[in-house]
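When reading the values below, keep in mind they use all heavy atoms of this one structure, side chains included, and skip hydrogens, waters and symmetry mates.
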Amino acid sequence: PMKRTAFFISDSTGITAETLGLSLLAQFENLEFEKVILPYVDSEERAHAAVHKINSVGERDGLEPIIFDTIVDKDIRQIISAGSKGYTVDVLATFLKPLEHFLGEKSSYHVGRVRSASAEANYKHRIDAVNYALDNDDGARINRYDQAELILIGVSRSGKTPTCLYLAMQSGLFVANYPLTEEDMENHHLPKALQPHRERLYGLTIDPQRLAAIRQERRANARYSSITQCEDEVRQSEAMFRRFGIPSIDTTHASIEEIATRILADTGLRGHSK
């Protein structure tokens, strides 16, 4: 596939430009994009440095780069738009101008104004959620499951930990996870620690071949990572999900974002405002 370079430039963290830009670029499946993030471009000096980098990459590639920017300062943005030899998408203007017209109100155009005025409290909540996910990883503190809004269950290396952390960081949800062991699955009962929380359980499963490959990276040539062991664990975990009516998702080909979105849709959890 043809490879293009995409710049994501901001006078703040660059997360907004990156998130929206990548969502748009993902629609062009026949192209590959090299991602370059330039955050905190908040001075003329840094703007000129960004222009130099953009033009250098354009000369290297022989193709004009694509530039997504959320620069608020007009002078800084003018330096980049006038000096850069690339195709620029002004993220703020693209969306704010029509909104200003519709609402009959001018935007404040504050640097870094991505969060609302109540963001500090919501930010603290998300930090608490992340700490909860870390403290309750892999069944570490089953005595705190009553505080969980969701408990992910599945065999080892099926994607529980990164999904918990993503849901905590992005949605502010208190999510614990419990690793299903051979003993848990062989007795055909829901593990005792999970029984009082059955309505909050959600299962993760994975293709045994993929699971074996992941486990080989962690513990090569062990029974734990053998295809036979992986096939047996996945089969038994999926049987448990069916037996107790636990909703589940196959994580084999899904990104963490896709897994989290599906979980929120299936459970009806809304998360907490950012």
Side-chain angles (χ1 to χ4, degrees), residues 4-55 57-58 63-126 166-167 169-173 255 257-258 260-262 264-265 268-274:
R4 304 292 294 262
T5 301
F7 283 85
F8 305 90
I9 306 177
S10 175
D11 41 24
S12 186
T13 62
I15 292 174
T16 301
E18 180 189 5
T19 301
L20 181 60
L22 289 179
S23 296
L24 295 173
L25 295 179
Q27 306 305 314
F28 300 91
E29 298 180 357
N30 293 326
L31 299 175
E32 288 185 359
F33 296 95
E34 178 183 344
K35 179 177 69 174
V36 181
I37 304 173
L38 300 179
Y40 302 110
V41 181
D42 52 8
S43 68
E44 293 187 4
E45 181 182 2
R46 291 180 178 178
H48 286 298
V51 169
H52 177 72
K53 187 171 184 63
I54 291 167
N55 293 341
V57 168
L63 294 167
E64 289 185 326
I66 304 164
I67 306 159
F68 293 91
D69 87 75
T70 53
I71 300 290
V72 172
D73 187 285
K74 293 180 179 179
D75 293 334
I76 293 175
R77 191 175 184 283
Q78 176 62 23
I79 293 172
I80 294 174
S81 61
S84 300
K85 298 176 182 178
Y87 180 77
T88 302
V89 179
D90 182 351
V91 175
L92 292 181
T94 300
F95 295 99
L96 284 180
K97 290 296 183 184
L99 278 173
E100 286 178 341
H101 178 73
F102 175 75
L103 296 172
E105 183 74 23
K106 282 288 185 181
S107 166
S108 60
Y109 276 83
H110 286 166
V111 176
R113 180 61 64 87
V114 179
R115 303 174 185 162
S116 66
S118 62
E120 187 173 345
N122 292 322
Y123 176 75
K124 183 181 182 303
H125 181 90
R126 293 202 307 277
Y166 184 88
L167 285 167
M169 288 187 290
Q170 295 296 318
S171 301
L173 292 173
S255 67
E257 294 86 350
E258 291 169 332
T261 300
R262 169 73 177 276
L264 292 176
L269 291 168
R270 296 179 59 128
H272 302 272
S273 299
K274 294 185 179 180

With side-chain contact (heavy atoms from CB on, under 4.5 Å) as the test, would you mind laying out the steps for T88 and R77 before giving the verdict? CA-CA 11 Å; T88 302; R77 191 175 184 283; 3.6 Å; yes
Of all the heavy-atom pairs spanning E18 and K35, show the shortest one and how long it is. OE2-NZ, 2.8 Å
What residues, two or more places apart in sequence or in another chain, satisfy side-chain hydrogen bond (donor to acceptor under 3.5 Å, both in side chains) together with E34? R60
Aromatic plane relationship, F33 with F28 - under 30° parallel, 30 to 60° tilted, over 60° perpendicular: perpendicular
Working to the nearest 0.5 angstrom, can you tell me the gap between I66 CD1 and F8 CZ? 8.5 Å
Quick one: does any side-chain atom of D73 pair with a main-chain N or O of E44 as donor and acceptor, under 3.5 Å? no
So, does S84 use its side chain to make a donor-acceptor pair with the main chain of G86 at under 3.5 Å? no
Side-chain contact test, heavy atoms from C-beta onward, threshold under 4.5 Å: evaluate it for F7 versus K53 and give yes or no. yes
Side chain to side chain, I54 and I67, heavy atoms closer than 4.5 Å: yes
Donor-acceptor check, side chain of R46 to backbone of Y40, threshold 3.5 angstrom: yes or no? yes
CD (E64) and CG (N55) are apart, to the nearest 0.5 Å, by 9.5 Å
Can you tell if the side chain of I80 reaches within under 4.5 Å of the side chain of D69, non-hydrogen atoms only? no
Measure the CG-CD distance between L96 and E105 for me, rounded to the nearest 0.5 Å. 12.0 Å
For residues I76 and S43, report the shortest heavy-atom separation together with the two atoms involved. CD1-N, 3.5 Å
Do L264 and L167 come within less than 4.5 Å of each other through their side chains, counting heavy atoms only? yes
Looking only at non-hydrogen atoms, find the nearest pair between A93 and P98 and report the distance. O-CD, 3.7 Å
T13 versus P39, closest heavy-atom pair with distance: O-CB, 3.4 Å
Which atom names give the shortest non-hydrogen contact between G172 and H125, and what distance separates them? O-NE2, 2.8 Å
Distance-minimising heavy-atom pair for A50 and L38: CB-CD1, 3.8 Å
Should the heavy atoms of other residues, nucleotides or ligands under 6.0 Å from CD of E257 be counted, would the total exceed 12? yes
Do L20 and T70 have side-chain heavy atoms sitting under 4.5 Å apart? no
CG-NZ distance between L92 and K97, expressed to the nearest 0.5 angstrom: 10.5 Å
How long is the gap from CG on D90 to CZ on F68, to the nearest 0.5 Å? 11.5 Å
State the CZ-CD distance between R4 and E32, to the nearest 0.5 angstrom. 13.0 Å
Checking S81 side chain against Q78 main chain: does a donor-acceptor pair fall under 3.5 Å? yes
Backbone of S171 reached by a side-chain donor or acceptor of R270 within 3.5 Å: no
